[in-house]
Amino acid sequence: MNVPLSQSFYNQPTLELAIALLGKKLIHDTDDGICEGYIVETEAYMGPHDRAAHSYNNRRTARTEVMFGEAGTIYTYTMHTHVLLNIVCAQKNIPHAILIRAIEPLEHCIPLLKERRKAAKNNAQLTNGPGKLCQAFNINMSYNGKSIFLPPLYIAEGKDIKQIVESKRVGIENSGEAKDFLWRFYEQDNVYVSKRD
DNA sequence: ATCTCGATTCCCT
DNA sequence: GGGAATCGAGATT
């Protein structure tokens, strides 16, 4: 039933891909069960000229190296003890990536997600943030550099998203003009979105 | 070796 | 809406 989208899907312009990812299904097949949910919020980070990106000015370090790889490569990093999930895109050596910020989980895996996220006071808090969804889906740093079109962590077709909102990215106040770029996309009125305008 | 500062989350007011 | 928690990457000495 869940068929991974082919690598060619990730070979489209970054902003278009950030929008195309909305509604797609993220699946993680783990030892304690399968978790799956629709991507409902994304953010684009566009390398050399985006001051908010780790790869700003083509900064190339051990951490950012995977951003220079092929479209469809997974980029995970830790921020304030939380793991964040990104999909590398654009051509090789152009360090763009898309941050997955929120997931609408399928009903059947909610019990499993609750076990992993004790702090959640309601269903929305299970996956309404980039660190939360990684904790809920048990996504860790071992996926850094792997491919998002291969199990056990992959993306498949999902649902249609009717209303898409574009807005400013979250948590980058100190990045000059880049803080005002409308490079965050989410499904309007979806309760799993981390921050709605 | 040391310093700074987050692509966050949680708890409190 | 504000502040603490918390720790590693990247820059600086």
Side-chain angles (χ1 to χ4, degrees), chain A residues 10 14-15 17-19 21-22 26 37 39-69 71-90 94-105 113-145 148 153 155 165-187 190-197:
Chain A
Y10 302 94
T14 302
L15 293 179
L17 180 60
I19 291 168
L21 280 168
L22 293 177
L26 179 73
I39 296 168
V40 294
E41 180 181 356
T42 60
E43 273 180 6
Y45 286 87
M46 300 205 265
H49 308 296
D50 177 6
R51 249 179 91 178
H54 295 154
S55 53
Y56 176 58
N57 219 10
N58 280 322
R59 187 162 45 133
R60 200 155 185 157
T61 66
R63 180 173 68 156
T64 64
E65 187 60 32
V66 301
M67 293 184 78
F68 292 83
T73 302
I74 294 168
Y75 171 42
T76 54
Y77 67 95
T78 56
M79 167 68 28
H80 290 98
T81 73
H82 303 282
V83 174
L84 277 67
L85 173 67
N86 300 255
I87 313 298
V88 173
C89 57
I94 299 187
H96 291 190
I98 295 167
L99 172 67
I100 309 300
R101 287 195 56 90
I103 295 281
E104 174 192 337
L113 305 186
K114 278 182 173 167
E115 271 181 46
R116 295 176 179 151
R117 277 199 40 76
K118 308 283 192 200
K121 297 197 186 71
N122 53 55
N123 284 358
Q125 291 177 12
L126 291 171
T127 51
N128 66 348
K132 297 175 191 175
L133 74 90
C134 284
Q135 185 185 10
F137 272 54
N138 200 22
I139 296 167
N140 55 55
M141 288 297 296
S142 71
Y143 287 104
N144 193 38
I148 196 62
L153 178 63
I155 290 172
V165 179
E166 42 181 78
S167 73
K168 295 180 184 179
R169 294 174 291 178
V170 176
I172 55 164
E173 287 308 308
N174 199 4
S175 59
E177 74 286 348
K179 77 182 195 313
D180 295 322
F181 298 168
L182 301 178
W183 289 354
R184 180 167 77 109
F185 307 94
Y186 62 86
E187 180 180 23
N190 189 302
V191 298
Y192 287 94
V193 169
S194 67
K195 190 183 277 191
R196 285 180 286 171
D197 298 45

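A note on names: the letters A, B, ... follow the listed sequences, proteins ahead of strands, and every chain is numbered from 1.
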Between A:R169 and A:K179, does the side-chain contact (heavy atoms from CB on, under 4.5 Å) criterion hold? Intermediate values first, please.
CA-CA 7 Å; A:R169 294 174 291 178; A:K179 77 182 195 313; over 6 Å; no
Stepwise side-chain contact (heavy atoms from CB on, under 4.5 Å) test for A:N144 and A:Y77:
CA-CA 8 Å; A:N144 193 38; A:Y77 67 95; over 6 Å; no
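When distances are taken from the side chain of A:T78 to each of C:dG10, C:dG8, C:dC7, the shortest belongs to C:dG8.
Counting 5' to 3', DNA chain B first comes under 4.0 angstrom of a heavy atom of chain A and last does so at the ends given by B:dG6 to B:dC11.
Across the interface with DNA chain B, nearest-nucleotide mapping of A:H54 and A:Q125 shows A:H54 to be the residue nearer the 5′ end. Map A:A53 and A:Q135 each onto its nearest nucleotide of DNA chain B; the residue landing nearer the 5' end is A:A53.
Looking at A:R184 and A:E166, no side-chain N of the basic residue comes within less than 4.0 Å of a carboxylate O on the acidic one, giving no salt bridge. A salt bridge links A:E43 and A:R101; the closest N-O separation between the charged side-chain nitrogens and carboxylate oxygens is under 4.0 Å.
Because its NZ or CZ atom is not both nearer than 6.0 Å to the ring centre of A:F181 and within 45° of the ring axis, A:R51 does not count as a cation-pi partner of that residue.
A:R60 comes within contact range of no nucleotide atom at all, as no heavy-atom separation falls under 4.0 Å. Here A:K121 lies in heavy-atom contact (under 4.0 Å) with sugar-phosphate atoms only. Within 4.0 Å of A:A52, counting heavy atoms only, lies at least one base atom of the nucleic acid. Contact annotation for A:L84: backbone-only contact, meaning every heavy-atom pair under 4.0 Å involves sugar-phosphate atoms and none involves a base. Within the nucleic acid shown, A:N86 comes within 4.0 Å of at least one base atom, counting heavy atoms only.
If you check C:dT13 for Watson-Crick or wobble pairing at under 3.5 angstrom, you find it has no partner at all. In this entry B:dC12 has C:dG1 as its Watson-Crick or G-U wobble partner, both defining distances falling under 3.5 Å. When both pairing distances are held under 3.5 Å, C:dT6 makes no Watson-Crick or G-U pair with any nucleotide shown.
A:N140 CG: more than 12 foreign heavy atoms inside a 6.0 Å radius.
If you measure from atom OH of A:Y77 to atom P of C:dC7, you get 18 Å, rounded to the nearest angstrom. As rounded to whole Å, 12 Å separates atom C1' of C:dG3 from atom NE2 of A:H80.
Each of A:R117, A:H82, A:K118 was checked for a side chain to side chain donor-acceptor pair (under 3.5 Å) with A:Q135, and the lone residue meeting it is A:R117.
Applying the 4.0 Å criterion to OP1 and OP2 of C:dG8, one finds that A:R63 has every side-chain N and O outside that range.
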